[in-house]
Amino acid sequence: MASSSHLPYAQRAQKHPHPLGRRLFEIADRKKTNVVLSADLTNTKELLAIADRLGPHIAVLKTHIDIVSDFGPATVEGLTELALRHDFLLFEDRKFIDIGNTVQKQYKGGALRIHEWAHIVNATILPGEGIIQALDQTIREGGICERGILILAEMTSKGSLAVGEYTRISVEIARKYPQSVLGFVSTRELSSHSPAATQDEDFVVFTTGVNMSSKGDALGQQYQTPITAIEGGSDFLIAGRGIYAATDPVSAVKEYRKAGWEAYERRVQQVGSASR
Ligand code: 5BU
């Protein structure tokens with residue numbers, strides 16, 4: 001079964017089954033970027049400043065909102081305003097992992113009210129299918145069509161146990177929730193080789209652990225480059241320290257954008273010429 005990853009973003013934007021998937025691919029195509037900035041800054045001022053400076057070059061801004069020491073309405077209002085101004089989506093890397101009932105409360109309510117402002121969230125299937133069922137229910141009942149889930153099918157850290165059967169079942173569960181599951185956080189494309197793959201399914205692959213100058217860190221992080229990630233079927237490259245901690249973050253984001261976009265164009269062209 002051919003994977004959708006060989007189709008241009010513009011084409012995927014037209015036929016993606018999920019409204020948020022369509023918007024995501026439209027943004028990537030319009031801005032010519034597949035970069036997701038992992039903005040792991042720890043106060044509102046720094047977070048909004050980096051979102052404003054790098055916003056024109058990214059498709060999505062990924063947050064860890066619970067590390068923002070002065071989180072409050074100004075954080076959410078600022079992020080929402082910048083997302084509109086610079087045309088990017090907000091992805092809260094919450095990694096939900098609990099029973100469905102608890103996860104619904106964590107998603108909708110509490111201090112963070114993630115469902116109100118984050119277009120995308122992620123969750124692990126470790127607790128079983130109920131967690132995805134719960135998030136799916138909140139999304140469908142919430143009446144905001146532009147909300148989606150990425151299933152955490154793999155992790156980049158050394159010794160990760162998110163492999164094998166866990167990864168396989170992540171794909172199986174994703175197929176059951178087309179109204180809310182957009183795709184995966186994974187190191188590579190996962191779904192097209194499975195016997196249950198269908199012609200029109202289009203799971204979006206977000207890949208963390210992308211860095212152009214480092215192989216990893218002292219705490220188990222393992223990196224690949226934008227080129228290897230895109231060649232492996234990734235659609236969106238998530239980079240954090242490689243960009244925001246660079247001496248010149250604007251030059252850095254431009255480099256990641258160029259590398260990611262050129263690798264994407266090569267991937268699409270290769271298949272185009274092979275089928276001619
Ligand atoms: P870095 O600075 O590019 O290493 O940041 C990586 C970000 O992606 C950071 O926010 C992590 O929490 C996140 N991440 C990851 O590194 N690996 C994973 O498997 C997943 C998320 Br899922």
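Both ligands and their constituent atoms are indexed starting at 1 by order of listing.
No single ILVMFWY cluster, assembled from side-chain heavy atoms under 4.5 Å apart, contains both F71 and I67.
Here the straight-line distance linking atom CG of D66 with atom CG of D93 works out to 9.5 Å at 0.5 Å rounding. The NE2 atom of H64 sits 4.5 Å away from atom CG of D40, with the distance rounded to the nearest 0.5 Å. Between the OG atom of S194 and the CD atom of E172 there is a distance of 8.0 Å, given to the nearest 0.5 Å.
Residue, atom and distance of the protein heavy atom nearest to atom 4 (O) of ligand 1 are Y223 OH, 2.6 Å. The protein atom (non-hydrogen) at minimum distance from atom 22 (Br) of ligand 1 is L152 CD1, 3.1 Å. Nearest protein heavy-atom contact of atom 14 (N) of ligand 1 is T208 CG2, 3.6 Å. For atom 11 (C) of ligand 1, the closest non-hydrogen atom of the protein is H64 NE2, 3.8 Å. Here the heavy atom of the protein found nearest to atom 3 (O) of ligand 1 is G240 N, 2.9 Å. Nearest non-hydrogen protein atom to atom 16 (O) of ligand 1 is Q221 NE2, 2.7 Å. Looking at atom 17 (N) of ligand 1, its nearest protein heavy atom turns out to be T156 OG1, 2.7 Å. Remark: minimum distance from atom 7 (C) of ligand 1 to any protein heavy atom is reached at S38 OG, 3.3 Å.
Annotation: K95, atom NZ; neighbour count of heavy atoms from other residues, nucleotides and ligands within 6.0 Å is above 12. Within a 6.0 Å radius of NZ in K32, other residues, nucleotides and ligands contribute more than 12 heavy atoms. Shown here is R140, whose CZ atom has more than 12 heavy atoms of other residues, nucleotides or ligands within 6.0 Å.
Ligand 1 places these atoms under 4.0 Å from at least one heavy atom of V185: 22 (Br). Within the listing of ligand 1, atoms 7 (C), 8 (O), 9 (C), 10 (O), 13 (C) sit less than 4.0 angstrom from a heavy atom of K62. Atoms of ligand 1 lying under 4.0 Å from at least one heavy atom of D93, given by number and element, are 12 (O), 13 (C), 21 (C). Of all the atoms in ligand 1, the ones that sit under 4.0 Å from a non-hydrogen atom of R241 are 1 (P), 2 (O), 3 (O), 4 (O).
For ligand 1, the polar-atom distance check finds an N/O of D40 within less than 3.5 Å of one of the ligand's N/O atoms.
Sorted by first and then second residue, the side chain to side chain donor-acceptor pair (under 3.5 Å) pairs with a member in residues 230-246 read R12-D235, T207-S234, D217-R241, Y223-R241, D235-R267; sequence neighbours excluded.
Under the ring-ring contact (aromatic ring centres under 6.0 Å, His included) criterion, W117 pairs with no residue at all, not counting sequence neighbours.
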